[in-house]
Amino acid sequence: MANQKLDRLDKQILRLIAEDARIPFLEVARICNVSGAAIHQRIQKLTNLGILKGSQFIIDPEKVGYETCAFIGLNLKNPESFDEVVEKLRKIPEVVECHYTTGDYDLFIKIYAANNHDLLNIIHDKLQPMGLARSESIISFHAAIERQLPVVTLALGADDEQE
């Protein structure tokens, strides 16, 4: 999807709700110096454009029993089976991300497992039967940086520079 034209108010709203998804809309309105109705309309517009994809609570996987985080590069025996494999991956709850990539792998996934033994079982019992030529696992010890894309990096339009 092409970049959407965001004005200064859209960007200010995105900055505020990215910092705290639980901030009341009336507080956002007060900070932005607009009405609560205007914030609701802008949030709806940003959602309809697909810029906002809802809100959610983030669960810390380690605190609920998933001690191992791994990234796995997958090479398919039959690369034409991308869609079929992705649908099978969707059914594995431990797979939290799947990316089509360039480079050495057909697909690159992020997976959480209870421990290394559980990871081995998932690879052997759930991933290998999908028709993998090979896979390569990289275990993450700790995420040094984990964040959303900061809104401050959005390019300023000509109208923003003048204000």
Side-chain angles (χ1 to χ4, degrees), residues 1-74 82-83 85-115 118-119 122 126-127 136-163:
M1 175 181 253
N3 290 338
Q4 300 294 327
K5 178 71 174 141
L6 300 176
D7 64 17
R8 185 173 290 281
L9 179 58
D10 290 331
K11 292 175 187 177
Q12 187 175 16
I13 293 167
L14 288 172
R15 281 185 200 103
L16 290 167
I17 64 175
E19 289 172 13
D20 179 7
R22 299 181 74 181
I23 188 171
F25 285 178
L26 288 177
E27 178 68 9
V28 174
R30 185 190 63 72
I31 293 168
C32 295
N33 201 29
V34 296
S35 71
I39 297 301
H40 280 277
Q41 289 172 345
R42 290 297 182 111
I43 295 288
Q44 188 60 52
K45 175 188 97 170
L46 294 167
T47 301
N48 291 343
L49 290 171
I51 294 168
L52 287 177
K53 295 184 176 185
S55 60
Q56 59 187 344
F57 288 101
I58 307 299
I59 298 169
D60 183 332
E62 193 172 340
K63 294 203 168 132
V64 294
Y66 291 90
E67 296 177 5
T68 300
C69 174
F71 297 89
I72 304 175
L74 306 176
F82 271 108
D83 294 338
V85 170
V86 169
E87 283 310 308
K88 289 178 182 177
L89 288 169
R90 285 185 203 283
K91 295 176 182 170
I92 301 173
E94 295 89 350
V95 174
V96 296
E97 291 183 26
C98 176
H99 301 266
Y100 294 105
T101 62
T102 61
D104 292 337
Y105 309 113
D106 295 320
L107 297 167
F108 200 71
I109 64 172
K110 180 178 181 181
I111 189 168
Y112 284 102
N115 51 43
D118 186 38
L119 177 62
I122 293 167
K126 296 179 180 180
L127 297 180
E136 183 176 340
S137 302
I138 302 166
I139 293 178
S140 169
F141 292 125
H142 175 74
I145 299 173
E146 196 171 40
R147 63 181 174 212
Q148 286 206 59
L149 178 67
V151 178
V152 295
T153 62
L154 293 174
L156 290 176
D159 59 332
D160 291 332
E161 293 169 359
Q162 296 172 3
E163 295 177 25

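This chain uses plain numbering: 1 for the first residue, then up along the sequence.
With salt bridges taken as basic N to acidic carboxylate O contacts below 4.0 Å, none links Lys88 and Asp83. A salt bridge between Lys5 and Asp10 is absent, with no side-chain N of the basic residue lying under 4.0 Å from a carboxylate O of the acidic one.
Within a 6.0 Å sphere centred on OH of Tyr100, other residues, nucleotides and ligands contribute more than 12 heavy atoms. For CD of Gln148, the number of neighbouring non-hydrogen atoms (other residues, nucleotides, ligands) closer than 6.0 Å is 12 at most. Atom CG of Asp60 sits in a crowded spot, with more than 12 heavy atoms from other residues, nucleotides or ligands closer than 6.0 Å. Heavy-atom neighbours of Tyr105 OH from other residues, nucleotides or ligands within 6.0 Å: above the threshold of 12.
In this structure, the side-chain hydrogen bond (donor to acceptor under 3.5 Å, both in side chains) partners of Glu87, at least two apart in sequence or on a different chain, are Arg90.
With rounding to the nearest 0.5 angstrom, the CG atom of Leu16 is 14.5 Å from the NZ atom of Lys11. Note that CD1 of Ile17 is 7.0 Å distant from CG of Leu46, once rounded to the nearest 0.5 Å. Ile13 contributes atom CD1, which lies 11.0 Å from atom CD1 of Ile51 (distance to the nearest 0.5 angstrom). Put simply, CD on Gln12 and CG on Asp7 are 10.0 Å apart, with the number rounded to the nearest 0.5 Å. Put simply, CG on Leu74 and CG on Leu107 are 5.5 Å apart, with the number rounded to the nearest 0.5 Å. Atom CD1 of Ile92 sits about 7.0 Å away from atom CD1 of Ile109, to the nearest 0.5 Å.
When every heavy atom of Leu119 is checked against every heavy atom of Ala70, the shortest pair comes out as CD2-CB, 3.8 Å. Among all heavy-atom pairs drawn from Pro61 and Ile59, the shortest one is CD-O, 3.1 Å. Among all heavy-atom pairs drawn from Ser140 and Ala143, the shortest one is OG-N, 4.2 Å.
In this pair, Phe71 and Phe108 present their aromatic rings parallel. The plane angle is below 30°, not in the 30 to 60° band.
Looking at His99 and Lys110, their side chains never come closer than 4.5 Å, going by heavy atoms from C-beta outward. Residues Leu9 and Cys32 form a side-chain contact, since some pair of their non-hydrogen atoms from C-beta on lies under 4.5 Å apart. Contact of the Ile39 side chain with the Leu26 side chain is not registered, since no non-hydrogen atoms from C-beta on lie closer than 4.5 Å.
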Q.
With side chain to side chain contact (heavy atoms under 4.5 Å, CB included) as the criterion, how do Ile111 and Ile72 come out once you've worked through the C-alpha distance, each side chain's angles and the decisive distance to 0.1 Å?
A. CA-CA 8 Å; Ile111 189 168; Ile72 304 175; 3.7 Å; yes
Q: Check the pair Ile122, Val95 against side chain to side chain contact (heavy atoms under 4.5 Å, CB included), reporting the backbone distance first and the verdict last.
A: CA-CA 10 Å; Ile122 293 167; Val95 174; 5.8 Å; no
Q. Given Val85 and Asp106, is the side chain to side chain contact (heavy atoms under 4.5 Å, CB included) satisfied, shown in steps?
A. CA-CA 11 Å; Val85 170; Asp106 295 320; over 6 Å; no
Q: Report the C-alpha distance between Tyr112 and Thr68 in whole Å, list the side-chain angles of each, state the deciding distance to 0.1 Å, and finish with yes or no for side chain to side chain contact (heavy atoms under 4.5 Å, CB included).
A: CA-CA 6 Å; Tyr112 284 102; Thr68 300; over 6 Å; no
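The list of salt bridge (Lys or Arg N to Asp or Glu O under 4.0 Å) pairs with a residue in residues 17-28, not counting sequence neighbours, reads Glu27-Arg30.
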